[in-house]
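I have placed the structure first, in the form of structure tokens, so that the comments after it can refer back to it.
We're numbering straight along the sequence, starting at 1.
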Amino acid sequence: MKIDVLTLFPNMFTSVLDESIIGRAKENNIVDINYIDIRSFSKNKHKKVDDYPYGGGPGMVMKPEPIYRAIQSVKEDKSRVIYLSPKGKVFNQGLANDFSKEEHLIFLCGHYEGIDNRIIDNYVTDIISIGDYVLTGGEIPAMAVIDSVVRLIPGVLNSEESFKDESHYNGLLEAPQYTRPREFKGKKVPDILLSGNHKKVDEWRRNESLKLTYKNRPDLLEKINLSEKEKNIIKNNE
């Protein structure tokens, strides 16, 4: 996969996306990520990329010309142009799976009061939000989406199971995890996890996932077809 990030602050990305799993994916040529400074496409001698909004109002709006040139410099026939904005569709695991199958993603990071809407109307394919709150720019949301997407690409993680059992992949929150030591400050690892009975362990994890999802994200359960036994587990946990 190829990813191009259009931003006013390219240096924000290198300290995050060049490390850990994403960094290794880049080193192994599984994904190619480039950070492109939108200012370099400004023809203003001061590299100005913003101006006052028509109709008045606070703040500044990013001008369309530099953004258009930046998009055109990397856009290909199958490119998907993703604009990060609180006005967009809330990002979720389903979208992460969808994006992970693309050949080329372009992430457009706005700043100030946003970007000229003519860019959104004519050159953006997806408007994505990472939650119902406002940040100073699209850089942090872009990092979150890229991290979520890249780890789903085959070969990035050690095995497919590394993400199939995680929160949201199957619609539920992930069951609690434990490691050594078996006892920590008087608290022991659940006996079932030490039993060696994989069927019982899988059943325990499913049940714990149901309980945790009911406690923290009951809205997710509305989208899942639960068995009568699973409904009773949730009912008994009330």
Side-chain angles (χ1 to χ4, degrees), residues 1 3 13 15-31 33 89-102 128-133 140-238:
M1 174 187 284
I3 295 175
F13 291 85
S15 62
V16 177
L17 298 182
D18 286 355
E19 300 291 337
S20 189
I21 292 171
I22 310 303
R24 291 199 301 271
K26 291 177 64 177
E27 291 175 3
N28 294 330
N29 297 317
I30 298 173
V31 61
I33 307 179
K89 181 187 298 184
V90 177
F91 186 67
N92 58 28
Q93 192 64 37
L95 283 170
N97 294 335
D98 187 18
F99 289 161
S100 72
K101 297 176 175 63
E102 297 290 340
I128 296 297
S129 166
I130 62 166
D132 297 332
Y133 46 87
I140 291 174
M143 292 179 205
V145 175
I146 291 169
D147 185 283
S148 179
V149 169
V150 169
R151 65 198 310 280
L152 298 177
I153 299 172
V156 172
L157 298 182
N158 291 330
S159 73
E160 193 175 31
E161 296 302 318
S162 294
F163 63 79
K164 279 196 170 182
D165 290 333
E166 291 177 339
S167 292
H168 300 292
Y169 187 83
N170 64 358
L172 297 173
L173 301 185
E174 184 181 12
Q177 298 280 12
Y178 299 88
T179 187
R180 293 175 178 81
R182 293 173 67 166
E183 183 173 339
F184 173 70
K185 293 188 179 297
K187 304 297 181 181
K188 296 181 179 180
V189 173
D191 290 338
I192 187 65
L193 299 178
L194 309 175
S195 68
N197 188 326
H198 297 298
K199 182 178 179 180
K200 289 291 185 181
V201 169
D202 288 343
E203 183 179 339
W204 178 87
R205 284 177 171 159
R206 175 73 177 184
N207 292 346
E208 291 302 308
S209 287
L210 288 167
K211 294 175 185 177
L212 190 61
T213 304
Y214 176 75
K215 179 181 178 181
N216 293 342
R217 290 291 306 276
D219 56 299
L220 296 177
L221 295 174
E222 299 173 4
K223 307 172 186 177
I224 299 174
N225 186 21
L226 300 176
S227 67
E228 287 302 317
K229 181 180 179 181
E230 290 174 332
K231 290 178 182 177
N232 287 331
I233 290 171
I234 293 172
K235 185 177 181 180
N236 292 334
N237 196 51
E238 291 179 349

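- In this structure, Trp204 and Tyr178 have tilted ring planes: the angle between them lies in the 30° to 60° band.
- Rounding to the nearest 0.5 Å places CD1 of Ile234 at 9.5 Å from CG of Asn207.
- Classification of Arg206 and Glu203 as a salt-bridged pair fails, no side-chain N sitting under 4.0 Å from a carboxylate O.
- For the residue pair Arg151 and Ile22, the shortest heavy atom distance occurs at N-CD1, 4.5 Å.
- For the atom pair CD1 (Ile146) and CD1 (Ile3), the distance works out to 5.0 Å, reported to the nearest 0.5 Å.
- The minimum heavy-atom distance between Leu220 and Gly171, with the atom names listed, is CB-O, 3.6 Å.
- For the pair Val201 and Ser195, the tightest heavy-atom approach, listed with the atom from each and the gap, is CG2-OG, 4.3 Å.
- Electrostatic pairing of Glu208 and Arg205 does not count as a salt bridge here, judged by no charged N lying under 4.0 Å from a carboxylate O.
- Between Leu95 and Ile128, the shortest heavy-atom contact is CD1-CD1, 3.8 Å.
- The NZ atom of Lys231 lies 14.0 Å from the OH atom of Tyr214; values are rounded to the nearest 0.5 Å.
- Here the closest non-hydrogen pair linking Val156 and Ala25 is CG2-CB, 4.0 Å.
- Within the 4.5 Å cutoff, the side chain of Leu17 has no heavy atoms near those of the Val150 side chain.
- With hydrogens and angles ignored, the 3.5 Å screen pairs a side-chain donor or acceptor of Thr213 with a backbone N or O of Leu173.
- In Asn28, the CG atom is crowded: over 12 heavy atoms of neighbouring residues, nucleotides or ligands sit closer than 6.0 Å.
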- Message: Between Arg24 and Glu27, is the salt bridge (Lys or Arg N to Asp or Glu O under 4.0 Å) condition met? List the steps.
- Response: CA-CA 5 Å; Arg24 291 199 301 271; Glu27 291 175 3; over 6 Å; no
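- Enclosure of atom CG in Asp132 is not indicated, since only 12 or fewer non-hydrogen atoms of other residues, nucleotides or ligands lie within 6.0 angstrom.
- In this structure, the side chain of Asp98 does not engage the main chain of Gly94 through any donor-acceptor pair within 3.5 Å.
- Taking a 6.0 Å sphere around CG of Leu212, one finds it holds more than 12 heavy atoms contributed by other residues, nucleotides or ligands.
- A distance of 12.5 Å separates CG of Asp147 from CD of Glu19, quoted to the nearest 0.5 Å.
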- Does the side chain to side chain contact (heavy atoms under 4.5 Å, CB included) test come out yes or no for Leu172 and Leu221, once each step is laid out? CA-CA 7 Å; Leu172 297 173; Leu221 295 174; 3.7 Å; yes
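- A pairwise comparison of heavy atoms in Ala175 and Ser209 identifies N-OG, 3.2 Å as the closest pair.
- Atom CG of Asn236 and atom NZ of Lys211 lie 9.0 Å apart (nearest 0.5 Å).
- Lys101 places a side-chain N or O within donor-acceptor distance of the main-chain N or O of Asn97, the cut-off being under 3.5 Å.
- A distance-only check finds no donor-acceptor pair linking the side chain of Asn237 to the backbone of Ile233 [under 3.5 Å].
- A heavy-atom distance below 4.5 Å is found between the side chains of Met1 and Val149.
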